[in-house]
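Single-structure report; data block below.
If you read the sequence from its start, that first residue is 1, and numbering goes on from there. All figures in this text were calculated on a predicted structure; none of them were measured in a lab. Side-chain atoms are counted along with the backbone in the values below, which use heavy atoms only and exclude waters and symmetry mates.
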Amino acid sequence: MTTISIPITSEQEKFIRSYIKEGKADNKAQVVRRALAYFAEDEAVRVVLEAEREILEGKGLRGDLKKLMRKYA
């Protein structure tokens, strides 16, 4: 596991302390790891929603997957 050091605002530090005090996390590292996991999950959802939007706009690829792979590979 790698350790990183990043500057945070006083508001972010207060949030982290509060999160720990409320028993939602054991320590600062756990708060940050959880935040990163939520961020990654949100990004995955964003990508899926963007793909759905593109399909609804007719921008999706249709046809035989093998043929499409040969065409765009």
Compare all side-chain heavy atoms of R34 with those of Y19 and state whether any distance is below 4.5 angstrom. yes
Do you know the tightest heavy-atom contact between V31 and I20? CG2-CG1, 3.9 Å
Looking only at heavy atoms, the pair that brings K28 and I16 closest together is CG-CG2, 3.7 Å
Determine whether I6 and F39 fall in the same hydrophobic cluster, where Ile, Leu, Val, Met, Phe, Trp and Tyr are linked whenever their side-chain heavy atoms lie under 4.5 Å apart. no
hydrophobic_cluster_shared for V32 and I4, side chain cutoff 4.5 Å: no
Could you check whether T9 and E13, counting side-chain N and O atoms only, form a donor-acceptor pair closer than 3.5 Å?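 Side-chain D/A pair, E13 to T9: absent.
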Between the NZ atom in K59 and the CG atom in L56, the distance rounded to the nearest 0.5 Å is 11.0 Å
For the backbone of L65 and the side chain of R70, can you confirm whether one donor and one acceptor N or O come within less than 3.5 Å of each other? no
Could you walk me through whether R53 and E57 pass the salt bridge (charged side-chain N to carboxylate O under 4.0 Å, His left out) check? CA-CA 6 Å; R53 184 187 61 75; E57 292 175 355; 2.6 Å; yes
